[in-house]
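Working notes, structure below.
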Amino acid sequence: MIKKCLFPVAGYGTRFLPATKAQPKEMLPILTKPLVQYGVEEAMAAGMDHIAFVTGRNKRAIEDHFDITYELEDMISGTSKESQLDCIRSLIEQCTFTYTRQNHMRGLGHAILIGEALIGEQPFGVILADDLCVGESDGIMAQMVKAYEKYRCSIVAVEEVPVEDVDKYGIVSGQHLDDEYVRVEYMVEKPSPQDAPSNLAVIGRYILTPDIFEILRNTPPGKNGEVQLTDALQAQAANGKVIAYRFRGQRFDCGSIEGFVDATNFFFNRKP
Ligand code: UTP
């Protein structure tokens, strides 16, 4: 059983300035729930009840969100508003939350390496909360756990993107095992459209085996001077130890304004 899920949330969220000047982008709401809560709910639905955050400066609101707010709860107790906190209360009751800080923004790979202290020697999920995912039946992370149980190696969630957008993603290519799975042979971070080996893009959902930490420790800074998770995954892929999984569902890139608006409209239209 995979019990732990890591949330790297140390990034600055510069695309949402000035909204993210003094608050984390992961706390921006889609309707009434912050992005990060959707991610934690997805992890929980996949059986991961140990939620580990790699945070940074200005991210205190995330810790406060996953804690009790006595004054407020006392004030709305017995009113019609009380039930609005039910979903977050049940998460607080069911999950264990741990936190560590990334002092310098040295990239996603570096953030995950910082998370080693919270994860230890076991396979774990990774959710980038600004990719908001809605599964067709199961959540995306629950689908990925099934993929892990089948292949017992690192799993990356992928989707096809327009060729002109490949330079925003890690791109994979390899042996297509069936409609759902690709055994990854090659991964490259943000290639130009003419250098991209495919249009299969990695989105913000991973299951990683713990050997990734040692690989990350020895991974030099790559694209944009950051330690790239893609480079470390390429080392695993060279040994046939990365499977790309075409998930069933929909992803909204809520790190971009367009994706954020699309997600808001999607959830608003689905509202009972
Ligand atoms: P992004 O590059 O999408 O996020 O990183 P960002 O830097 O916060 O956003 P912009 O581009 O400035 O608007 C992907 C994920 O990796 C985390 C971010 O928090 C985000 O969830 N991250 C990135 C870290 O935790 N640490 C880093 O050093 C870099």
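As the structure lists them, so they are numbered: ligands from 1, and atoms in each ligand from 1.
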Any N or O of [X] closer than 3.5 Å to N or O of ligand 1:
{"X": "Glu226", "answer": "no"}
{"X": "His104", "answer": "no"}
{"X": "Gly255", "answer": "no"}

Is it possible for you to say whether [X] and [Y] belong to one hydrophobic cluster, with membership spreading through side-chain heavy-atom contacts below 4.5 Å?
{"X": "Leu177", "Y": "Ile207", "value": "yes"}
{"X": "Val126", "Y": "Leu118", "value": "no"}
{"X": "Met141", "Y": "Val9", "value": "yes"}

Protein heavy atom at shortest distance from [atom]:
{"atom": "atom 9 (O) of ligand 1", "value": "Lys25 NZ, 3.1 Å"}
{"atom": "atom 2 (O) of ligand 1", "value": "Arg15 NH2, 4.6 Å"}
{"atom": "atom 28 (O) of ligand 1", "value": "Gly107 N, 2.8 Å"}
{"atom": "atom 16 (O) of ligand 1", "value": "Leu108 CD1, 3.6 Å"}
{"atom": "atom 25 (O) of ligand 1", "value": "Ala10 N, 3.0 Å"}
{"atom": "atom 19 (O) of ligand 1", "value": "Gly11 N, 2.9 Å"}
{"atom": "atom 8 (O) of ligand 1", "value": "Gly13 N, 2.9 Å"}

Just verifying a value: how many Å separate Ile112 CD1 and Tyr206 OH, rounded to the nearest 0.5 Å? 6.5 Å
Heavy atom to atom 24 (C) of ligand 1, shortest distance: which of Met105, Gln102, Lys59, His110 holds it? Gln102
Is [X] touching ligand 1 with its side chain, its backbone, both, or neither, if touching means heavy atoms under 4.0 Å apart?
{"X": "Val9", "answer": "backbone"}
{"X": "Pro8", "answer": "both"}
{"X": "Asp130", "answer": "side chain"}

Using a strict cut-off of less than 4.0 Å between a Lys/Arg side-chain nitrogen and an Asp/Glu carboxylate oxygen, indicate whether Glu63 and Arg60 qualify as a salt bridge. no
Tell me whether Lys168 is salt-bridged to Asp253, with the criterion being a basic N under 4.0 Å from an acidic carboxylate O. no
Does ligand 1 have any atom that is closer than 4.0 Å to a heavy atom of Glu26? yes
Parallel, tilted or perpendicular: which one describes the rings of Phe252 and Phe266, with boundaries at 30° and 60°? tilted
Answer yes if a protein heavy atom lies under 4.0 Å from atom 4 (O) of ligand 1, otherwise answer no. yes
Could you tell me whether Lys81 atom NZ has more than 12 heavy atoms of other residues or ligands within 6.0 Å of it? no
Between Val161 and Val166, is any pair of side-chain heavy atoms under 4.5 Å apart? yes
Under 3.5 Å, is there a donor-acceptor pair between the Ser83 and Asp86 side chains? no
